[in-house]
Structure formats: C-alpha cells, structure tokens
Amino acid sequence: MTAAKNKNFITDIIDADNQNGRFDRRVHTRFPPEPNGYLHIGHAKSICLNFGIAEQYGGLCNLRFDDTNPAKEEQEYIDAIIEDLRWLGYQWHDRVYFASDYFDELYQMAVELIQIGKAYVDELSPDEIRQYRGALSEPGTDSPYRNRPIAENLALFEKMRAGGFKEGEAVLRAKIDMSSGNINLRDPVMYRILDAPHPRTGDKWRIYPMYDFAHGQSDSIEGITHSICTLEYEDHRPLYDWYLDNIEIFHPRQIEFARLNLSHTIMSKRKLIRLVQEGYVRGWDDPRMPTIAGLRRRGYTPEAIREFCDDIGVGKVKGVVALHKLEFHIRQDLNRRAQRVMAVVNPLKVVIENYPDDQVEHLDAINNPEDESAGTRKVPFSKVLYIEREDFMEDPPRKFFRLAPGREVRLRYAYFITCVAVIKDDAGQIVELRCRYDPATRGGSAPDGRRVKATLHWVSAQHALEAEARLYENLFTVENPEADRDKDFTEFINPKSLTVVDPIYIEPSLRSARAGDRFQFERLAYFVVDEDSTPDKLVFNRTVTLRDQWRKAQKRSAKRRKSKRRKKSAEPG
RNA sequence: AGGGAAGUAGCUCAAUUGGCAGAGCAGGUGCCUUUGGAGCACAAGGUUAAAGGUUCGAGUCCUUUCUUCCCUGCCA
C-alpha cells in the first residue's frame, strides 16, 4: 500500500528499456532466495524492490528458490521463507519455481557448450584448481585437461552424471580465459559432484550446477527481464552474460544494488545461524533476531517493514542504515493503530487515604486517541493502586514533573492525587505512598481550572492481572559487531538484550488478548502478545519503547556534565 | 595500470538529465498536550572527495588525482 511511486536508478534503467523496446515493454522480476536460512530484514529490501517494481510497472515477480546446493539447503527453510513472504503481503500466485526444476534443461545447456568446444571436464583437484587460477594481479594457467577432444568431454561429463567420479575428482568448467582480470572468467566451474540428497530431486542427480551456471539460465527460462541482485555480483555479470550469449537464449539484464546494512545487528546468514545453533538466542524467530520471523514475533507489522524499505531507497552506495530508522517506522505505524492500555512494569503501591475502602469505579478510557472509531473501554479504579516506581521521586530534580511529596498529579482518566506520605522499609526502600484524591477531578480535569504538570498511568491492585514482560534491547552493543577483526562478533552481544519482568500488572481488559495482538502500554512502549502465553498468563514482548524526552534530556545533561568536567580537568592549574 | 564499483547535510536518498543543491530520519529551539506519546512551528546543517578543463552557466560533460568497498569456494 505504498502511495508514492519509487524512483531510483533501477527504474531509470527500466524506463530506458521500455522506451527503446528492449523487452517489449515487459517487466518481469524475481526474488531468488537460497533455502539455507531464514529471511531477514535485508531480504525484505530485496523483496520490496522486486515485488514492488513488478507492481509498479504492471508486471510480474516470480518466487524462485535457488536450490543448487543440497549440502546446505533444507525443506524447513523453504516453508519458512514462504510463510514470511506471505506475511509481508506479497503474492506470486502459481509462479513459485525452483532452480532444481531446470536441472534437465541446464544439463542439456552444459552439453551444448561442450559440443561447441566451450566447456571441458577438468580432473584437477580442488587445490590444484585454486593454484592454476593464479592471483588477483597475476594470470592463471591453463589446466592440462583444457584441450581434451569434445567427444571425450561429452563422455566424461556423462560419467560425472552417472556417478563414475567421486566428489572432488572432476568438474565441468567453462572454457573462457585463464588470464582475464576478472577471476570469474578464469574457466569457472559449471558443475560439481555432490553426494547429498536434494530436498526436491532426491538422489536423481549427483552433479549440481553452480550458482553462475544456474541463475542466468533460470532467469532466461522464466522470461525474467530485470534480474536484480546485490553488488557483490557485479563481477559476475560478464559471466552471466557469457553463458546466455554462448547458449544463445533469451538474455535478461542483471542489475546490482547495495544490500541493506543495519546498525547494531548482523545480516550474514552464516552468523545468524551461529546465534541460533550456539544458543545466543532462542531460535530463528527470537524477537531479537533481524529475521522476518523475529521481527514478526517482536511485534513489527508488515506495513512498517515495507514503509521502512521504501524510505531507505535503493542505490549503489554501501552504507549502514541506523536501527533508529526501523524503529521510527514501527512507532509511526503502531501509533496509528495500536490500542492503548495501562500496565505497570515496576510497581509502587499507592493507597488513596480518603477513598472509600470498598468502592470501585469504572472509568472511561480512550482506546486510541489517533483513531476515534476505536472507541472507549472501562477501567476499574479503587483505593489501592500501583503506579510506576520511576514516576515518583522523593527529592525531585528540576524539570521532574511527576509525583513527589506534596505534589499533585493526574492519574490518567481518573483523579488528581496528592502525595501526603512516603512509607519505607527498614532498609530505607520506599514501599508505599499515601495519597489523597480530589473527588471533584473525576475523569481527570478540575472544575476550578487548576492544572497539573504530569499524568501517570496506573492499575487497580485488586483488579490487575499479572503477566510476564520480555523487554528487548539491541542485540549488539556496538554499531557494527563485525568491524573488529580481532574479536568475534559474539563478544559484542548485549548482555541486556533480554530482560524478563515477571510479574507486571496489567489492566483487566487485557484478559481477552490473544497472541499477536499489539498494544501500547501508555507512556511506556508498544507490546505484542507472545505465542508463549497461556490462558492463565499472558506473555508480552516489548516491540519498541515510546520516545522518551525525559530520558533523552537526562542523557543530554549527563553528557554535558561529563564534557564540562573533562574541560575543567584539561585546564592547567 | 589485475578486474569491478562507489563518493551530494551526521545517516539514507533526491535534484525535471547542463539552469537558484532538496527531502525524510537523527540532532537543536519553541508551541501544544488528560501519554514527558502523538502533533505543530522555526532554525541549523553543504567548498556536491580534490584539482583542472569545456560552457553564459557544471552535482551533472571531459581529464587527472585521492579515498573507500568488492573479487583468488567444487558457496550463493
């Protein structure tokens, strides 16, 4: 539901292609995940791009699993990827394909290249192949097997297919140029032998095409016009083109863009899988993970993710997007749609001394000030309440407007109260506040027009439900956990990335909440009901905190104090 | 000269293809507020990596230089 049409260097290229009729004004893209892990927010950028462009031009976008390496790929990932794509809101109808669908055709294409003398079976060992490849600034040398007769190559390739070689004993290579400055063109491997059962083709094949040999031809078979991939494939484009030109089939255009990097997290599938396998997180859908499944469980909405992808745009500059940006979009989305509710995470008992002991009032509360149609609900009020411990200070600094001894504040939707006494335990800990309320302020405003500077959220102690809250912070403490070459990224995992608070106290209207329901706990944060919830006890994941000017101001003044001190100590004398 | 690519505000991107360098986010200052949320207003932020050239006019075209990133898997 993205309103404005996105314009970027890729749409410029497509516009030009449409103008000169290169693809008969057709636009057909594809999203080609390898099923070797879960989709993450970086994939979301590619998904939004590919599906978005197809939508924008009235074209199509295929889903194609790039399943050419059975050693790493699993059905579990295929299922998870489909679920995540659906959840993001994209459709491909019946156009879900697998590179493995084309193994027969690919094999034929390879045979064709052998027949025109452009491919050969090499029996060098993997190690030897590496040595023969040369170095970045030095040409490689031809394999001794490079100039075998066509008939021999044909027979050997058939022998590879039939299982006459073991893994590593032979590969099929394209005969291009061992002295090319582009290493991808130094006789790249087209087929290798893999003794792993394939999730889809079972044990039909013992040889599998390499990415480069499979991808362009798969694009071609599907009639893809614009094959959009990430920057690291720029060097592969000449090879992409070479295969298509030499096999002489329909030739899509490969376009490369900069993948997403997000601060305070990692995007490498190899590293994400380590977080899961080594138990740093609870699974691929742990709410701290940058995976789509993790973000979903964290309470993110598909809309927010799509808005985020639109916002960051697409270019060829490698950069790092601040995590703040993602948070901005989920706040913006949830602000519009999340139901407001009151919950106390860190309780402080408040007794309203002049409130009748057994009285209960059901007060009207607005469900969403941003959306009148969300209506109102009733919230019970009684003599004994919980407020947030942080909302009281015995000796408040300037600009702390909340409750303090002798000060009057408003309880949201309820009454003005004034703190008359502070009760402490033997250790000096504040355990209870005694307050008095003004009955004339019912609903939250004073008939005499007097004002208070703060409004507090609260729950009635006898009516409150207990729940568990999982408070999340950044998974990593540093902007780029991969930057330090001497340290493993796991050393930068934030020890406070998950804090469990149990119990928290929530208003009784939440009794009917179900897994996936999103709420704003007023003045605190957005939360979503986790699937770990039971009928007896709800579990909430904190999606993102509300912006907090007070905390920001505190941080700012702390910083100022620090720099002032530094300045002072730097002065001589 | 190994090949490829990128440099515009703190960050992510624009700039009608040669015509007054803009937006969102972040940061700043106010206003408003029954969420210190949301909202509103204002200000600030730039030698367009650098130098030279073409031109009435250059972020855009040409030349040179600098910086950063990617590439030596039988991974994708």
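We name chains A, B, ... by the order of the sequence lines, and we start the count at 1 in each one.
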### Any A:R523 side-chain nitrogen or oxygen under 4.0 Å from OP1 or OP2 of B:G36
yes

### Summary
What one should report as the nearest heavy-atom pair of A:Y526 and A:R340 is OH-NH2, 4.4 Å

### Message
Please confirm whether the shortest side-chain N or O distance from A:T68 to OP1 or OP2 of B:A76 is below 4.0 Å.
### Response
yes

### Message
Once ring pair (Phe, Tyr, Trp, His ring centres under 6.0 Å) is applied, do any residues pair with A:H457, and if so which ones, sequence neighbours excluded?
### Response
none

### Query
Where the side chain of A:Y211 is defined as all heavy atoms beyond and including C-beta, which of B:U12, B:A76, B:G24 is the nearest nucleotide?
B:A76

### Message
Can you list, in residue-number order, the parts of residues 369-379 of chain A that come under 4.0 Å of RNA chain B, counting heavy atoms only?
### Response
A:P369, A:E370

### Query
Atom CD1 of A:I255 and atom C1' of B:A5: how far apart are they, to the nearest Å?
15 Å

### Task
Name the nucleic acid region contacted by A:R173, choosing base, sugar-phosphate or nothing; use a 4.0 angstrom heavy-atom cut-off, strictly under.
nothing

### Query
Which part of the nucleic acid does A:V452 contact within heavy-atom distance under 4.0 Å: base, sugar-phosphate only, or nothing?
nothing

### Query
Which is true for A:R336 with a 4.0 Å heavy-atom rule: it touches a base, it touches only sugar-phosphate, or it touches nothing?
nothing

### Message
Which nucleotide wins on minimum distance to the side chain of A:D12, given the candidates B:C74, B:U35, B:U17?
### Response
B:U17

### Side-chain N,O (A:R192) to OP1/OP2 (B:C75) below 4.0 Å
yes

### Message
With rounding to the closest Å, how many angstrom separate the P atoms on B:G57 and B:G19?
### Response
14 Å

### Message
Taking the basic N atoms (NZ, or NE/NH1/NH2) and the acidic carboxylate oxygens, is any pair closer than 4.0 Å for A:D311 and A:K325?
### Response
yes

### Message
Categorize A:N335 for me: base, sugar-phosphate, or nothing, with a 4.0 angstrom heavy-atom threshold over every strand shown.
### Response
base

### Message
Work out how far the C1' atom of B:A14 is from that of B:C42, and round it to whole angstrom.
### Response
24 Å

### Query
At under 4.0 Å, does any side-chain N or O of A:R547 touch on OP1 or OP2 of B:A38?
yes

### Query
Under 3.5 Å, is there a donor-acceptor pair linking the side chains of A:R410 and A:T455?
yes

### Task
With syn defined as a glycosidic angle within 90° of 0 and anti as everything else, classify B:G37.
anti

### Message
Base, sugar-phosphate or nothing for A:S125? Non-hydrogen atoms, less than 4.0 Å.
### Response
base

### Task
With heavy atoms under 4.0 Å as the rule, sort A:R130 into base, sugar-phosphate or nothing.
sugar-phosphate

### Message
Heavy atoms only, 4.0 Å cut-off, all strands: where does A:I129 land among base, sugar-phosphate and nothing?
### Response
base

## Note on the structure
Ranking A:D127 and A:D548 by the position along RNA chain B of their nearest nucleotide, the one closer to 5' is A:D548

### Message
From NE2 of A:H215 over to C1' of B:A76, roughly how many Å is that when rounded to an integer?
### Response
10 Å

### Message
Let's see if you can work this out: which of B:U17, B:C74, B:A5 has an atom nearest to the side-chain heavy atoms of A:K316?
### Response
B:A5

### Query
Which part of the nucleic acid, if any, lies within reach of A:Y413 when heavy atoms closer than 4.0 Å are counted: base, sugar-phosphate only, or nothing?
base

#### Entry: Atom-to-atom span, CD of A:E327 to C1' of B:C25 - whole angstrom
12 Å

### Query
What does A:V317 touch in the nucleic acid at a heavy-atom separation under 4.0 angstrom: a base, only the sugar-phosphate, or nothing?
sugar-phosphate

### Message
Which residues pass the ring pair (Phe, Tyr, Trp, His ring centres under 6.0 Å) test with A:Y413, not counting sequence neighbours?
### Response
none

### Query
Considering only the P atoms, how many Å lie between B:C74 and B:G52, rounded to the nearest integer?
48 Å

Would you list the protein and nucleotides 69-71 of chain B atom pairs, both N or O, that sit under 3.5 Å from each other?
| from | atom 1 | to | atom 2 | distance (Å) |
| --- | --- | --- | --- | --- |
| B:C69 | O2' | A:K318 | NZ | 2.4 |
| B:C70 | O4' | A:K318 | NZ | 3.1 |
| B:C71 | O4' | A:D235 | OD2 | 3.4 |

### Query
Mind checking the C1' distance from B:G7 to B:A50? Whole angstroms is fine.
11 Å

### Message
Does either side chain, that of A:S125 or that of A:D127, offer a donor lying less than 3.5 Å from an acceptor on the other one?
### Response
no

### Query
Applying the ring-ring contact (aromatic ring centres under 6.0 Å, His included) test to A:Y208, which of A:F103, A:Y191, A:Y107 qualifies?
A:F103

### Query
Distance only, no hydrogens: is a donor on one side chain within 3.5 Å (strictly under) of an acceptor on the other, for A:Y211 and A:N69?
no

### Message
For the P atoms, the ones on B:G37 and on B:C32, what distance do you get once it is rounded to whole angstrom?
### Response
14 Å

#### Entry: Side-chain H-bond candidate by donor/acceptor type, A:E327 with A:Y300, under 3.5 Å
no

### Message
If the condition is ring pair (Phe, Tyr, Trp, His ring centres under 6.0 Å), which residues does A:F521 pass it with, not counting sequence neighbours?
### Response
A:F527, A:F540

### Message
Without decimals, in angstroms, what is the distance between A:D67 CG and B:C75 P?
### Response
15 Å

### Task
Quick one: sort the A:Y240 and A:H215 rings into parallel, tilted or perpendicular, breaks at 30° and 60°.
tilted

### Query
Have A:S227 and A:R30 got a donor and an acceptor in their side chains that come within less than 3.5 Å?
yes

### Cationic N near anionic O, under 4.0 Å, A:E34 to A:K72
no

### Task
Would you classify B:U17 as syn or anti? Syn applies when the glycosidic angle is within 90° of 0.
syn

### Query
Under 3.5 Å, is there a donor-acceptor pair between the A:N261 and A:K318 side chains?
no

### Query
Does A:R186 get its side chain close enough to the base of B:U72, under 3.5 Å, for a donor-acceptor pair?
no

### Distance below 4.0 Å between A:Q520 side-chain N/O and B:U35 OP1 or OP2
no

### Query
Between the side chains of A:N62 and A:E222, does any donor sit under 3.5 Å from an acceptor?
yes

### Message
Considering every strand and a 4.0 Å limit on heavy-atom distances, what is the contact class for A:G134: base, sugar-phosphate, or nothing?
### Response
base

### Message
Does B:G27 have its OP1 or OP2 closer than 4.0 Å to a side-chain nitrogen or oxygen of A:K552?
### Response
yes

### Message
Please classify the nucleic acid contact of A:T455 as base, sugar-phosphate, or nothing, using heavy-atom distances under 4.0 Å.
### Response
sugar-phosphate

### Query
Considering only B:U33, B:G24, B:C74, which nucleotide approaches the side chain of A:K325 most closely?
B:G24

### Query
Which is true for A:Y233 with a 4.0 Å heavy-atom rule: it touches a base, it touches only sugar-phosphate, or it touches nothing?
base

### Polar side chain donor-acceptor pair, A:Q520 to A:E522, under 3.5 angstrom
no

### Query
Are A:R133 and B:C74 close enough that a side-chain N or O sits under 4.0 Å from OP1 or OP2?
yes

### Message
Regarding A:F400, tell me which of base, sugar-phosphate or nothing describes its non-hydrogen contacts under 4.0 Å with the strands shown.
### Response
base

#### Entry: B:U55 to B:G39 separation - C1' atoms, rounded to the nearest Å
49 Å

### Nearest-angstrom distance, C1' atom, B:A21 to B:G46
8 Å

### Query
Which part of the nucleic acid, if any, lies within contact of A:F401, taking any heavy atom under 4.0 Å across all strands shown: a base, the sugar-phosphate backbone alone, or nothing?
base

#### Entry: Nearest-Å distance once atom C1' is located in both B:U48 and B:G27
22 Å

### Message
As a check on the pairing definition, encode RNA chain B in dot-bracket form, counting Watson-Crick and G-U wobble pairs whose two distances are under 3.5 Å, and using | for partners outside this strand.
### Response
.((((((..((((.....[..))))..((((.......))))......(((((..]....))))))))))).....

### Message
On RNA chain B, compare the nucleotides closest to A:V314 and A:R237; which residue's is nearer the 5' end?
### Response
A:R237

